[in-house]
Amino acid sequence: MGPGPSNVHPRVLNALSQPLVGHLDPAFLELMAEIQELLRHTFQTANRLTIPISGTGSAGMEACLVNLVEPGDKVIVGVNGVFGTRMVDIVGRCGATAIALETEWGRIIEPERVVEALRQTPDAKAVCLVHAETSTGAWQPLEEVGAALAGTDTLFIVDAVTSLAGAPLYVDDWHIDACYSGTQKCLSCPPGLSPVTFSDKALQVMRGRSSAVQSWYLDLSMIEKYWGDERAYHHTAPVSMTFALAEALRLVREEGLEARWQRHQRNHEALKEGLAAMRLPIAAQEGRQLWMLNSVSIPDGIDDADVRSFLLKNYELEIGGGLGPLKGKVWRIGLMGESSTPANILLVLTALERVLRHRGYDCRAGAGVAAAAAVLER
Ligand SMILES: *Cc1c(COP(=O)(O)O)cnc(C)c1O
């Protein structure tokens with residue numbers, strides 16, 4: 001129940017143990033076509049270039065930026081946690097200038113600020129936002145910025161590593177030009193692939209580059225030839241991970257995207273009520289709190305690491321600690337994909353109550369579980 005990797009369905013583990021085939025085997029080519037269809041559905045897009053990049057979520061982030069950003073470009077980046085900070089780093093490595101819109105960790109970047117930044121820098125190459133900031137639990141709204149960018153030359157690049165398949169995301173309707181995700185958050189697959197999707201507008205920008213992409217491995221103009229009709233070898237596809245991702249995406253489709261979002265919502269609400277009954281508030285901005293990542297303020301006098309190791313040792317339960325300015329101040333409880341279950345909510349509330357009471361924290365026995373159960377049974 002940390003910030004990922006989430007638990008993995010047995011069918012996905014089974015897919016990982018299947019015998020290998022060659023990455024140009026006809027059966028594998030069929031699987032590649034199926035994966036692209038399933039990813040388009042999951043991203044809610046008709047984009048032709050919708051594929052998994054070999055590597056974790058950060059590889060998808062890097063792939064989007066290195067293919068679209070050139071030296072000398074200006075890129076507006078929302079920075080309210082670890083992952084916006086990482087994007088600024090990569091933009092700089094592309095030889096471009098990042099215009100960072102910084103906000104306190106745990107809060108969203110107000111859409112009006114992004115629109116205002118765009119007014120001041122109308123020639124910005126791209127605007128980058130993190131949909132679900134896993135380091136803080138803040139849920140960034142995207143629609144307004146997407147609408148403002150539609151019809152301009154500025155691209156909209158979105159990090160959906162934690163949101164994909166756990167919260168509503170409409171790549172086409174929200175005018176997102178490049179979107180990347182990861183497999184080990186709400187897709188509930190092991191880490192190792194990074195689904196990305198590029199709009200026609202993004203493809204045009206990529207085709208019009210004046211310099212070669214500085215990363216050979218992530219150069220999409222070559223990778224798309226393997227995923228397209230040419231089937232040209234670029235690098236060996238991670239065959240077993242591709243089996244696993246296909247199975248994970250089939251599970252998403254079987255559950256239904258909307259039903260899956262609703263499950264994440266209900267379970268978040270139950271956890272939040274349970275925590276509130278234990279006087280443990282969610283730390284992220286009220287009204288903008290993620291369903292799949294709950295950052296919880298640590299009470300005064302309670303030691304972060306001590307509690308987390310108690311949970312691990314006695315309950316085989318992992319939750320995350322805070323990062324950067326939130327280190328020691330919050331716990332991060334993930335309710336991602338297969339891990340988002342009523343049983344996990346009752347377990348984490350019970351285990352937290354046990355350790356907090358042992359450490360002298362004043363909370364009524366059973367209060368958290370009762371409050372969460374009331375939501376689950378509603
Ligand atoms: C996890 C995560 C990443 C990075 O993914 P890795 O798989 O760790 O490389 C990027 N952005 C967000 C929002 C994430 O949660």
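Note that ligands are numbered from 1 as they come in the structure, with each ligand's atoms numbered from 1 the same way.
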> Can you find a heavy atom in the side chain of Thr242 that is under 4.5 Å from one in the side chain of Leu193?
Replying inline: yes

> Below 4.5 Å, heavy atoms only, C-beta onward: do Val307 and Trp331 meet side chain to side chain?
Replying inline: yes

> Quick check: are there more than 12 heavy atoms from other residues, nucleotides or ligands sitting under 6.0 Å from CZ of Arg364?
Replying inline: no

>> For Ala305, is there any backbone N or O sitting under 3.5 Å from a side-chain donor or acceptor partner on Ser309?
In response: yes

> Backbone N or O of Leu290 within a donor-acceptor pair of the His268 side chain at under 3.5 Å?
Replying inline: yes

>> Please output the residues near ligand 1 using a strict heavy-atom distance under 4.0 Å, listed in chain and residue-number order.
In response: Thr56, Gly57, Ser58, Phe83, Arg86, Val130, Ala132, Thr134, Asp159, Val161, Thr162, Gln184, Lys185

>> Out of the candidates Gln140, Glu133, His131, His264, only one should pair with Ser163 under the side chain to side chain donor-acceptor pair (under 3.5 Å) rule; please name it.
In response: His131

